[in-house]
Amino acid sequence: MFLAWINEVFGWQHPIIYTTPYPLIVQQAAQQMVPLVLYFAEFSSPDIHQEDFCRNILTDPEVVRICNNVFFWAIGNCPESLEIQRALLQGHQRAPVLVAITHDAFGRQMTPRTLTDLSAQEVVNFICNAVTVQNTQLQARTNRELREQQDREYQESLAQDQERERQRAEERQREEERQQREAEQLREEERNRAEAERRNAEAIREAREGLPPEPLENENTLTVRIRGPNGNSVLRTFFNHETTQVKQSESPM
């Protein structure tokens, strides 16, 4: 009703007047970090009249321009208007015409600023101050969010570095364990090879001890070359009359 009256009497040259329910417009202002300017349309003092405000201030081009940076919310004579004023003014009897509500960097409502004696320049200054306060808080919030983002990025980078270091440590441990296994395997193979050579040497020694004395080569002997599985060969001289089976002579009693 109030907005329709302004449009009909004074035209459309005025700030954008929001008609969103009051709790919602406060929530939007807090979320978007935009100052909220309230205009109470009832007579707030004998020397300030509603028509004078609308004609001389509300339609002023500079006021219209500067109000583009805020939520301009108007309310006429109604119980909601009185309730909002009581909540904002906390018992003050004289109600202002304009109230600026801004929010801090955490979205919390700051102490409302009020203006009662109005001129177009005073309204411009009033709203400019509200925007300045809001921008200061917005910059504080931006700086805080930037620091938080930098902290998160640092923590993420630190976590990634720690994870890479953990993976490298695990890789080093696995490599050390692999080298230890290979070294142990090589030692085991060396022990087995040494044991096999020892057993082979022992077998050769025992075999040689069981052979009769080897005769010198002559017309009554035969030399035989015996090739082993490893490619080595052994020459052995036997008497012609000896068989392929050689019995170790018994020890004398």
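Under 4.0 Å is where a charged nitrogen must lie from a carboxylate oxygen, and between R168 and E171 no such pair does. Between R187 and E190, no side-chain nitrogen of the basic residue sits less than 4.0 Å from a carboxylate oxygen of the acidic one, so the salt-bridge criterion is not met. With salt bridges taken as basic N to acidic carboxylate O contacts below 4.0 Å, one links R199 and E195.
Side-chain contact between F71 and I16: absent, with no pair of heavy atoms (C-beta onward) separated by less than 4.5 Å. Residues H103 and L36 form no side-chain contact, since every pair of their non-hydrogen atoms from C-beta on lies 4.5 Å or further apart. You'll find the side chain of Q137 reaches within 4.5 Å of the side chain of M33, heavy atoms only.
The same ILVMFWY cluster, assembled from side-chain heavy atoms under 4.5 Å apart, contains both L98 and I17. Hydrophobic clustering (ILVMFWY, side-chain heavy atoms < 4.5 Å, transitive): V124 and V64 are in distinct clusters.
For R65, the side-chain hydrogen bond (donor to acceptor under 3.5 Å, both in side chains) partners are E62, not counting sequence neighbours. E122 is linked by a salt bridge (charged side-chain N to carboxylate O under 4.0 Å, His left out) to nothing, counting only residues two or more places apart in sequence or in another chain. E175 pairs by the side-chain contact (heavy atoms from CB on, under 4.5 Å) definition with R178, Q179, not counting sequence neighbours. With sequence neighbours excluded, the residues that form a salt bridge (charged side-chain N to carboxylate O under 4.0 Å, His left out) with R164 are D161. Contacts of A120 classified as side-chain contact (heavy atoms from CB on, under 4.5 Å), with partners at least two apart in sequence or in another chain: D60, V63. Legend: residues meeting salt bridge (charged side-chain N to carboxylate O under 4.0 Å, His left out) with R181, ordered by chain and number and at least two apart, are absent. In this structure, F126 has no ring-ring contact (aromatic ring centres under 6.0 Å, His included) partners at least two apart in sequence or on a different chain. With sequence neighbours left out, E197 forms a side-chain contact (heavy atoms from CB on, under 4.5 Å) with R193. Listed by chain and residue number, I66, V131 satisfy the side-chain contact (heavy atoms from CB on, under 4.5 Å) test with N69 (two or more places apart in sequence, or in another chain).
The two atoms that bring Q134 and V34 nearest to each other are OE1-C, 3.9 Å, heavy atoms only. Across R174 and Q167, no two heavy atoms sit closer than the pair NH2-O, 4.5 Å. Between R191 and E184 the shortest heavy-atom distance is NH2-OE2, 3.3 Å. Closest heavy-atom contact between I127 and C67: CD1-SG, 3.4 Å. For A30 against R141, the heavy-atom pair with the smallest separation is O-NH1, 4.3 Å. Here the shortest heavy-atom pairing between A130 and R113 reads N-NH1, 3.8 Å.
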Just distance, no hydrogens or angles: give the donor-acceptor pairs under 3.5 Å from side chains in residues 151-160, sequence neighbours left out.
residue: E153; atom: OE2; partner: Q149; partner atom: NE2; Å: 3.1

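With rounding to the nearest 0.5 Å, the separation of CG in N125 from CG in L115 is 9.5 Å. The CG atom of L38 sits 11.5 Å away from atom OG1 of T114, with the distance rounded to the nearest 0.5 Å.
Judged purely by atom type and a 3.5 angstrom limit, N200 has no side-chain atom pairing as donor or acceptor with the backbone of A196. W73 places a side-chain N or O within donor-acceptor distance of the main-chain N or O of T20, the cut-off being under 3.5 Å.
For the residue pair N143/Q139, the side-chain donor-acceptor check at 3.5 Å is satisfied.
No option in P15, P35, C128 other than P35 meets the side chain to side chain contact (heavy atoms under 4.5 Å, CB included) test with V70.
The hydrophobic cluster containing L146, built from Ile/Leu/Val/Met/Phe/Trp/Tyr side-chain heavy atoms closer than 4.5 Å, comprises no other residue.
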Could you walk me through whether R198 and E202 pass the salt bridge (Lys or Arg N to Asp or Glu O under 4.0 Å) test, one step at a time? CA-CA 6 Å; R198 186 192 65 78; E202 180 68 18; 5.3 Å; no
Working note: L58 + F72, criterion side-chain contact (heavy atoms from CB on, under 4.5 Å); need CA distance, chi angles, decisive distance, verdict. CA-CA 11 Å; L58 198 60; F72 192 87; 3.6 Å; yes
Before you tell me yes or no, could you show the steps for I101 and M110 under side-chain contact (heavy atoms from CB on, under 4.5 Å), namely the whole-Å CA-CA distance, both residues' side-chain angles and the distance that decides it to 0.1 Å? CA-CA 7 Å; I101 301 175; M110 302 174 65; over 6 Å; no
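Sorted pairs that involve residues 27-37 and meet side-chain hydrogen bond (donor to acceptor under 3.5 Å, both in side chains), not counting sequence neighbours, are lacking altogether.
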